[in-house]
Amino acid sequence: PAAARVELWQGAHAPSSSTKEHSPRRAKLAVVRLRQPKLREAAPDPGFPSRALRLAHAADGHSAILPMAEEKGPTAPPGLKIVVVGPTQGGKTTVSNYIASDEAVDFAYPFEYNATVGVRILECERNLGGPATPVEVWDVGGSTDYEGCWPAIMHDAHGVVLVYNPEQEGQVSESGAWYEYFVQNNDLPDEACVVFAFAPNAQRGTRQRVSPKIEHLNVVNISLDDGSLVKTQFERFLKAAKARKDAGGGGGEAKGAEYK
């Protein structure tokens, strides 16, 4: 599908989970916006500002440089915003493409690995009760080169999908740091996070290694044979996120409905 690219510059880094100090530098965030065909053809809702405008507003105070037309309206996204995070080469893009697809596609790795630069935004709709709910899946690159942009990415998020590969050295312990930053540091409840321990070639039902920092969360062990499980778990996750939002819990402050 056609993609619109937005560039956002920020000056200061977000807090890092490591003890290493970072000197301030300019980090460039590349945002690729991908829509399902039926959504791409739909007329824009004049009541909501564009994603580019909302992203710039989220980064206010961080030197956002973004050409745009003047728009008015609420800054909260219409629907659900889900952020997919985790270590590099943990399978985030594979999971993101699958859960955002409206078509019957295989749960499989792409033929060629390409690291996500900044963030990719995939848009779809899901039937969660009542009218179809717009859902944005933000596939965040695993490189810390862009951590200065993470506060803007997390703005108005309703949930976090944490993906890691338990068979890759270091990713088990690293997953705990991703949870601390994207969930705890953003005042999201634990119910607003689902974890996919993604071991592509493992036998179905294999119990994978889990960091002590995230073992209290809903950790779903998956392989490439578990596409239906991924879709089922994600749909339940979205329903719980929608219930929290409908109950008055906004992005970053969602409270209430549990997801298990």
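Position 1 is the first residue of the sequence; numbering continues from there. Bear in mind the structure is a predicted one, so any value in this text is a computation, not a measurement.
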With sequence neighbours left out, which residue pairs that include part of residues 84-94 fulfil the side-chain hydrogen bond (donor to acceptor under 3.5 Å, both in side chains) condition?
-> T93-T116, T93-D139
Results of ring-ring contact (aromatic ring centres under 6.0 Å, His included) for F182 - residues two or more places apart only = W150, W178
Please list, chain by chain and in numerical order, all residues satisfying side-chain hydrogen bond (donor to acceptor under 3.5 Å, both in side chains) with D226, sequence neighbours excluded.
-> R204, S223
Residues passing the salt bridge (charged side-chain N to carboxylate O under 4.0 Å, His left out) test with D225, sequence neighbours excluded, are none
Residue list, salt bridge (charged side-chain N to carboxylate O under 4.0 Å, His left out) with E167, at least two apart or on another chain = none
Can you name the residues that form a ring-ring contact (aromatic ring centres under 6.0 Å, His included) with Y98, not counting sequence neighbours?
-> F107
Where do L80 and H158 come nearest, in terms of heavy atoms and distance?
-> CA-ND1, 3.6 Å
Show your reasoning for whether side chain to side chain contact (heavy atoms under 4.5 Å, CB included) applies to V84 and V163.
-> CA-CA 7 Å; V84 182; V163 182; 4.0 Å; yes
Salt-bridged, D246 to K239, with N to O below 4.0 Å?
-> no
Test D156 against K245 for salt bridge (Lys or Arg N to Asp or Glu O under 4.0 Å), laying out the working first.
-> CA-CA 11 Å; D156 283 332; K245 181 182 179 183; over 6 Å; no
Can you tell me if N97 and R120 form a side-chain donor-acceptor pair at under 3.5 Å?
-> yes
Determine which pairs satisfy ring pair (Phe, Tyr, Trp, His ring centres under 6.0 Å) with at least one residue from residues 205-232, sequence neighbours left out, and list them in order.
-> Y179-H216
Look up atom SG in C193 and atom CZ in F237, then write down how far apart they are to the nearest 0.5 Å.
-> 6.5 Å
In chain order, what residues pass the salt bridge (charged side-chain N to carboxylate O under 4.0 Å, His left out) check against K213, with sequence neighbours excluded?
-> E180
Which residues pass the side-chain hydrogen bond (donor to acceptor under 3.5 Å, both in side chains) test with S173, sequence neighbours left out?
-> none
Could you give the distance from OG1 (T144) to OH (Y181), rounded to the nearest 0.5 Å?
-> 12.0 Å
So K231 and E235, salt bridge (Lys or Arg N to Asp or Glu O under 4.0 Å) or not? Walk me through it.
-> CA-CA 6 Å; K231 283 285 183 75; E235 183 176 348; over 6 Å; no
